[in-house]
**Q** 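Quick one: this structure, given as C-alpha cells, is what I'll be asking you about.
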2 protein chains.
Amino acid sequence: MTSAESGFRGIPGSAPTGTKQAAGRAGATLGSAARLRMAVPSVADRVAAELRLQLAEGLLLPGARLTESTLSEELGVSRNTVREAFAELAAERLVVRHPNRGVFVASLGPGDIHDVYTVRRFIEVSAIRGGGSPERVTAVRAAVEEGRAAAAAADDEALGSANQHFHGAIVALAESRRLNTIMAQVLAEMRLFFHKATVDAHFYRSYLDDNDKICKALEAGQLDRAGDLLLAYLDRSEEKQSAVHGD
Amino acid sequence: MTSAESGFRGIPGSAPTGTKQAAGRAGATLGSAARLRMAVPSVADRVAAELRLQLAEGLLLPGARLTESTLSEELGVSRNTVREAFAELAAERLVVRHPNRGVFVASLGPGDIHDVYTVRRFIEVSAIRGGGSPERVTAVRAAVEEGRAAAAAADDEALGSANQHFHGAIVALAESRRLNTIMAQVLAEMRLFFHKATVDAHFYRSYLDDNDKICKALEAGQLDRAGDLLLAYLDRSEEKQSAVHGD
DNA sequence: AATCCTTTGATTGTTCAACAATTCTTCGAT
DNA sequence: ATCGAAGAATTGTTGAACAATCAAAGGATT
C-alpha cells in the first residue's frame with residue numbers, strides 16, 4: 001500500500017470542459033482562416049491533470065512510488081494511458097522516471113533548492129528589470145491584492161497561491177510564451193517540494209509587505225530598484241527554505 | 001510521400017552505448033551508497049534520438065507531418081513506441097502535437113524569434129553577469145577556440161556547432177541543472193528553426209570576434225562588460241535572424 | 001549473526017491486434 | 001464553385017501477451 005493508492009478520484013467519464021485553441025495545418029494553407037475548435041482533453045491528459053492535482057495538494061508525497069498497474073486499476077484506464085500520463089509529468093519534472101525501476105514523485109535532492117532559486121533569479125529579476133505593459137503591471141498588483149485578501153481571510157492555501165500568482169505575473173511581464181511555461185513548471189515543482197512550508201501561514205505573510213514594495217517600485221517605473229528588492233527577497237526566501245528543508 | 005519518409009536509418013538492434021547515471025531509491029535508504037549502473041536507452045528513447053538527429057540535420061523540415069504508422073513501419077518498432085518518442089520530442093518543443101490531427105515538425109510562428117531571444121537574453125546575460133568557476137570559464141574559451149578551428153578548416157557545420165557550444169557554455173557558468181536543460185532545448189529549437197542560416201558561413205564567422213571579446217571580458221572578470229557585449233550580440237543576432245526569416 | 005547467492009515475484013518496456021473516435025480527403029450533386 | 005455525404009486515414013485507447021529488468025525473499029555458507 002503506497003501513498004499512490006490513497007484518495008484517488010476516478011477519471012470522469014462525462015464530457016470534460018474543453019479548452020479553446022487555434023488550430024491549423026502547420027506548414028500548409030497558412031493564408032486561410034484558422035478555425036477555432038474545442039479540443040477535448042485526452043484521457044492521458046486527464047490522468048496527468050488528476051495526478052498534478054494530487055501532487056500539488058500533497059496527497060502524493062515526494063519520493064512516493066507510482067505504479068502503472070495500480071493507477072490503471074484505480075483510475076479505470078489502460079496501463080498504456082497511465083504511461084503516457086507519466087511521461088507528461090516526467091517532462092515537467094514532477095515525477096522522476098528511472099528506467100526499468102519505476103516512477104517516483106520528485107523529491108528534493110542536493111542542490112535542488114539553490115537550483116530552483118537560481119532559475120528564478122535569472123528569470124524573475126530579468127523580467128522585472130525589463131518592465132512591462134500597463135496590463136501586465138496591473139496583473140502583478142492584482143496578485144498582491146489577492147495575497148492581502150487571503151491573509152485577511154486567514155486562508156493559508158490561498159495565501160500561498162497568491163504568492164505564486166505574484167511571481168508568475170512578474171515573469172509574465174516579459175510576455176514570452178516560453179518563459180511563462182518555464183516559470184509555470186518551476187512553480188509546480190515548488191508547490192510539490194515546499195508544500196509543508198506552504199501551509200505555514202507565517203511563511204508567506206511575512207512577504208506581503210515585500211511584494212507590495214516590489215510592486216510599487218515596478219508601478220513607479222523604478223525598475224532597477226524593483227529588481228534589487230526582488231533579488232533580496234529571493235535570496236532571503238532561499239535561505240528560509242534551506243533552513244526548513246535542511247538542504 | 002511526406003518528408004518524414006525520407007532517409008531514415010533503422011533503430012539499431014545491437015547494444016547501444018549506454019550512459020552512466022546514478023540511481024537510487026528515491027526517498028528510501030538515502031544513507032546507502034548509490035550504485036552506479038549502465039542504463040540501456042529504451043527503444044522509445046532511441047527513436048526520439050534518431051528523430052532529433054534528423055531534425056537537427058534538416059532532413060525533417062519545419063511543418064512536416066510525422067505519422068505514427070509510417071514511422072512504426074520504417075523504424076521497425078511498435079506504433080505505441082513511436083507515440084512515446086513523439087511525446088518526448090513534443091515536450092522539447094521540437095514537434096507540435098495537435099490532438100486527433102497529428103504530429104508536425106515545429107516551425108517558426110509569429111513572435112517565435114523574439115521569444116527565443118528573450119529567453120536567451122534573460123538566461124545567458126544573467127549567467128555571464130554571475131561569472132563562474134575557472135573550469136567553466138575555460139569551457140567558454142574552449143568553445144571560442146573550437147569556432148576558430150572550424151573557421152580555419154572552412155567547416156561550416158562545425159562552425160555553427162561551436163557557436164552553440166559557446167552559448168551553452170555561457171549558461172553552464174551558472175552550474176544549474178535546470179538552466180542547462182532549458183538552454184539545451186532552446187539550442188535544439190534554434191538548430192531546427194535556423195538550419196538554413198546555419199549553413200551560411202558568413203553568418204557565424206562574423207561573430208567569432210564578438211565571441212572572443214565576450215570571452216576576454218569574462219576571463220578578465222569584467223562581468224558587466226561581458227554582459228553588455230553579450231546583450232549587444234544577442235540583439236544583433238535577433239535582428240539578423242528576423243531579416244532572414246521575415247518574422 | 002552476517003554475508004552471499006539463487007530463486008521468485010513484481011514491475012516495466014514493448015509488441016500486437018482491435019476498436020472507437022476524430023479528422024481529412026474524395027466524390028457526387030447542385 | 002460550393003456543399004454535403006461517404007470513405008479513407010489517422011489518432012487515442014484498450015487489453016493481452018511476452019521479454020527484460022530489478023527488488024525481495026529465502027536458503028546456504030562463513
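Since the model is a prediction, treat every value here as computed from it, not as a measurement. Chain letters run A, B, ... following the sequence lines, proteins first, then strands; residues in each count from 1.
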**Q** Just wondering, do A/Phe193 and A/His245 contact through their side chains at under 4.5 Å, heavy atoms?
**A** no
**Q** Measure the distance from CD on B/Glu73 to P on C/dA17 and round it to the nearest whole Å.
**A** 12 Å
**Q** Output the rounded distance in Å from CZ (A/Phe86) to C1' (D/dT13).
**A** 17 Å
**Q** Taking N or O atoms only and anything under 3.5 Å, show me the protein contacts with nucleotides 15-18 of chain D, one pair per line.
**A**
from, atom 1, to, atom 2, distance (Å)
D/dA17, N6, A/Arg79, NH2, 3.3

**Q** Could you pull out all residues at least two apart from A/Glu84 that satisfy side chain to side chain donor-acceptor pair (under 3.5 Å)?
**A** B/Arg83
**Q** Sequence neighbours excluded, which residues qualify as side chain to side chain donor-acceptor pair (under 3.5 Å) partners of A/Asp45?
**A** A/Ser42
**Q** Between D/dT11 atom P and B/Glu84 atom CD, what is the distance in whole Å?
**A**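 Going from CD in B/Glu84 over to P in D/dT11 covers 16 Å.
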**Q** Distance check: side-chain N/O of B/Arg83 vs OP1/OP2 of D/dG12, anything under 4.0 Å?
**A**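 B/Arg83 to D/dG12 OP1/OP2: side-chain N or O found under 4.0 Å.
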**Q** For the pair made of CD in A/Glu68 and P in D/dT13, what is the distance, rounded to whole Å?
**A**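 Interatomic distance, CD of A/Glu68 to P of D/dT13: 15 Å.
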**Q** D/dT13 C1' sits how many Å from A/Arg46 CZ, rounded?
**A**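 Those two atoms, CZ and C1', are 11 Å apart.
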**Q** With A/Arg178, which residues qualify under side chain to side chain donor-acceptor pair (under 3.5 Å), at least two apart?
**A**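 In terms of side chain to side chain donor-acceptor pair (under 3.5 Å), with neighbours along the sequence ignored, A/Arg178 is linked to B/Asp112, B/Asp115, B/Glu189.
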**Q** Hey, could you give me the CG/CG distance between B/Leu71 and B/Leu51, rounded to the nearest 0.5 Å?
**A** 6.0 Å
**Q** Mapping A/Ser42 and A/Asn100 onto DNA chain D by nearest heavy atom, which one lands closer to the 5' end?
**A** A/Ser42
**Q** Please report, rounded to the nearest Å, how far the P atom of D/dT10 is from the CZ atom of B/Arg65.
**A** 7 Å
**Q** B/Asn180: what forms a side-chain contact (heavy atoms from CB on, under 4.5 Å) with it, not counting sequence neighbours?
**A** B/Val171, B/Ala172
**Q** Which nucleotide in the set C/dT15, C/dT22, D/dT13 lies at the smallest distance from any side-chain heavy atom of A/Thr81?
**A** D/dT13
**Q** Please determine if a side-chain N or O atom of A/Thr67 lies less than 4.0 Å away from the OP1 or OP2 oxygen of C/dA10.
**A** no
**Q** Check side chain to side chain donor-acceptor pair (under 3.5 Å) between A/Ser126 and all other residues, then give those that pass, not counting sequence neighbours.
**A** B/Ser126
**Q** Using whole Å, what does the distance between atom C1' of nucleotide D/dA8 and atom CZ of B/Arg101 come to?
**A**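 So the CZ-C1' distance, B/Arg101 to D/dA8, works out to 17 Å.
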